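One structure is given below, encoded as structure tokens.
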Amino acid sequence: MYVLGIETSCDETAVAVYHPEHGVLGHAVHSQIDIHVAYGGVVPELASRDHIRKTVPMIRTTLADAGLELGQIDAIAYTAGPGLIGALLVGATLSRSLAWSLGIPAVAVHHMEGHLLAPLLEDDPPQMPFVALLVSGGHTLLVEVTEIGRYRLLGESLDDAAGEAFDKVAKMLGLPYPGGPAIERLAAQGDPARFRFPRPMTDRPGLDFSFSGLKTHAMTTLRTAGDDEQTKADIARAFLDAVVDTFTIKCRRVFKQTGLKTLVAAGGVSANRQLRAALGELAANVGGRVAFPRPAFCTDNGAMIAYAGYRRLAAGEGPTESAGVRPRWPLVELTAPGS
Ligand code: KG4
Ligand code: ZN
């Protein structure tokens, strides 16, 4: 079964083909960063228009890379939310029309379920139940996963998402968007002993997060300590250390609280090497394991959408009847396929 995955929820157009035996056969991501950079943030209307321009040509090139014809595709999975309404509508309308014309099922996928399942695309995938740490530009979630579609929320960010905090602190330091990779690079030059930032919400029980205080802390430090290059690198380092430490503390807590020993971490921030190393060490210490997607599948991609759609179809879910999209769509509202 060849599943075409189409992702257009925000500022990246992504297309991929997944096959259960052959894995990911082709994938392409087009970033709109150049379009939005002049405006200091994503402009929804420009995002929609660019998805319209890019999606069809990208489907063509991805199929060509995979050595497939359109007629060989068995199903189309598309992101139906959460995200920007216009951007989602482009992907949903195109996917559903194409599926209809080919006489194949179209399956709506939740973007965060795509992220959550992405680690299972790797060799030796972890078995459910496990805990998922989902850290992207819009979400920070700790979720207990018992099966596809059965997700229990254990913790979430009460304010900024982790990726959003990286992006805002990066902007403050004069770094380009996306901020995560830029902070990671600058932090490598920073002195870890110069500043110590707080580890928010680790001094009380619970698994929720808060990152907006760290952002303010970075701003105050920048104002008082100066904005020379070394100070900026030291701030990047202190911020990154605080975020990584906070996640490690909460994940240690979640292992204890749930009795589970398998963690998956996904979403853009899970590409961070320092976070990957720290969670790897934590899992080793408790005799458990942590699984990540390969870096290209941590950030938005079509492979995770194709794979999530495949898993739902394989578990007996029928084609999605509604043509609607859901800009706001809590992950925990999902249900198991066929339930
Ligand atoms: O999952 P994603 O591609 O898009 C959303 O669904 O939001 O995540 C994007 C976020 C951005 O905020 C970006 O700064 C962050 O992931 N990110 C990183 C790294 N790479 C991307 N954060 C920290 N370290 C990284 N290496
Ligand atoms: Zn995402």
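Values in this document were obtained by computation on a predicted structure and should not be read as measured data. Note that ligands are numbered from 1 as they come in the structure, with each ligand's atoms numbered from 1 the same way. Starting from 1, each residue takes its place in the sequence as its number.
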Atoms of ligand 1 less than 4.0 Å from [X] heavy atoms?
X	value
G138	7 (O)
G163	12 (O)
G137	5 (C), 7 (O), 8 (O), 9 (C), 10 (C), 12 (O)

Determine, considering heavy atoms only, which of I183, D11, N301, D167 sits nearest to atom 13 (C) of ligand 1.
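That would be D167.
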Is the Zn ion (ligand 2) less than 2.8 Å from at least one N/O/S atom of H111?
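Given the 2.8 Å cut-off, H111 counts as a ligand of the Zn ion (ligand 2).
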N, O or S of H115 under 2.8 Å from the Zn ion (ligand 2):
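So H115 does bind the Zn ion (ligand 2) by this criterion.
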Give me the ring orientation class for F211 and F209: parallel if the planes are under 30° apart, tilted from 30 to 60°, perpendicular past 60°.
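Taking F209 first and then F211, their aromatic rings lie parallel (interplane angle under 30°).
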Counting non-hydrogen protein atoms only, what is the nearest one to atom 26 (N) of ligand 1? Give residue, atom name and distance.
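The closest one turns out to be E184 OE1, 2.8 Å.
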Quick test: of every protein heavy atom, which one is nearest to atom 24 (N) of ligand 1, and how far off is it to 0.1 Å?
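Ranking protein heavy atoms by distance from atom 24 (N) of ligand 1, first comes N272 ND2, 3.0 Å.
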More than 12 heavy atoms of other groups within 6.0 Å of R60 CZ:
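Counting other residues, nucleotides and ligands, CZ of R60 stays at 12 neighbours or fewer.
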Would you call R53 and D50 a salt bridge, taking side-chain N to carboxylate O under 4.0 Å as the test?
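Looking at R53 and D50, the cut-off is met.
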Do any N or O atoms from the side chain of [X] and from the backbone of [Y] form a donor-acceptor pair under 3.5 angstrom?
X	Y	result
R199	F197	yes
T79	G81	no
T231	D227	no

What do you reckon, does H111 put a non-hydrogen atom under 4.0 Å from ligand 1?
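Heavy atoms of H111 do come under 4.0 Å of ligand 1.
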So, 4.0 Å and heavy atoms of H115: is ligand 1 close enough to count as a contact?
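Heavy atoms of H115 do come under 4.0 Å of ligand 1.
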Side-chain heavy atoms of E144 within contact of Y151, under 4.5 Å
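No. Closest side-chain heavy atoms not under 4.5 Å.
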Looking only at N, O or S atoms, find the one in D300 nearest to the Zn ion (ligand 2) and name it.
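It is OD1 of D300.
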